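Just so you know, these numbers come straight off a predicted model, no measurement behind them. Indexing begins at 1, ligand by ligand and atom by atom, following the structure's order. By convention here, the first residue in the shown sequence is residue 1.
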Amino acid sequence: MKYSWNVAREAMRLSPPGQGAFREATTDFVYAGFTIPKGWKTFWTVYSTHKNPKYFPEPEKFDPSRFEGSGPAPFTYVPFGGGPRMCPGREYARQEILVFLHNVVTKFKIEKAIPNEKILYHSSPIPTKGAPVRLQPHKN
Ligand code: HEM
């Protein structure tokens, strides 16, 4: 189910379920010209990392082929975080997403009821109208 997972990954790139997390600087460091002193709280963001055109050309375009081959460079695609505190539920989430996708796609034609529905980001992305869909069972 490589292609299905690439589709899911591209969806999580454009609309990450989690927006990032806090970290405490364990030492003084300089990032992009800013000095971050030891002990400061920092927030790493998933959303802006995923939209970096250096790593994701045409970042607004939905393109699952980005994940083919060796895929994005390390720490440029981080829906589950990275490093020692990376999401321990990521493999379970992958299985859940793929099982759900498989059942919906093989059984139904799915269509958004509100094509350009707005998404609000209250930490997690929330479709303003609840993302209603029309499902039509396949004929065969
Ligand atoms: C699409 C689904 C999910 C996404 C996008 C997601 C994303 C994340 C992110 C971004 C973090 C922070 C990682 C960091 O600070 O570096 C995290 C942490 C965590 N996630 Fe998930 N997660 C998902 C599903 C799950 C599931 C299904 C579970 C459990 C069954 C889970 C359990 C946890 C736990 C316990 C942490 C804290 C880890 C720590 O601080 O050491 N997550 N997740």
key: R90, any N or O under 3.5 Å of ligand 1 N or O   = no
note = Under 4.0 Å from one or more heavy atoms of W44, ligand 1 contributes atoms 14 (C), 15 (O), 16 (O)
query = Can you tell me the protein heavy atom closest to atom 40 (O) of ligand 1 and the distance?
reply = R85 NH2, 3.0 Å
ask   = Just which atoms of ligand 1 are under 4.0 Å from any heavy atom in P79?
value = 5 (C), 7 (C), 10 (C)
Distance flag, aromatic centroids of H138 and F108, threshold under 6.0 Å = no
remark   = d(Q19 CD, T45 OG1) to nearest 0.5 Å is 8.0 Å
query = Considering only heavy atoms of A21, which atoms of ligand 1 have at least one such atom less than 4.0 Å away?
reply = 15 (O)
remark   = A student checking ligand 1 against Y92 at a 4.0 Å heavy-atom cut-off should list atoms 27 (C)
note = Among G81, C87, A93, the residue with a heavy atom nearest to atom 2 (C) of ligand 1 is A93
note = Quick note on ligand 1: atoms under 4.0 Å from a heavy atom of G82 include exactly 16 (O)
query = Does a donor on one side chain and an acceptor on the other come within less than 3.5 Å for Y121 and S15?
reply = yes
ask   = Parallel, tilted or perpendicular for H50 and Y77, by the 30°/60° rule?
value = parallel
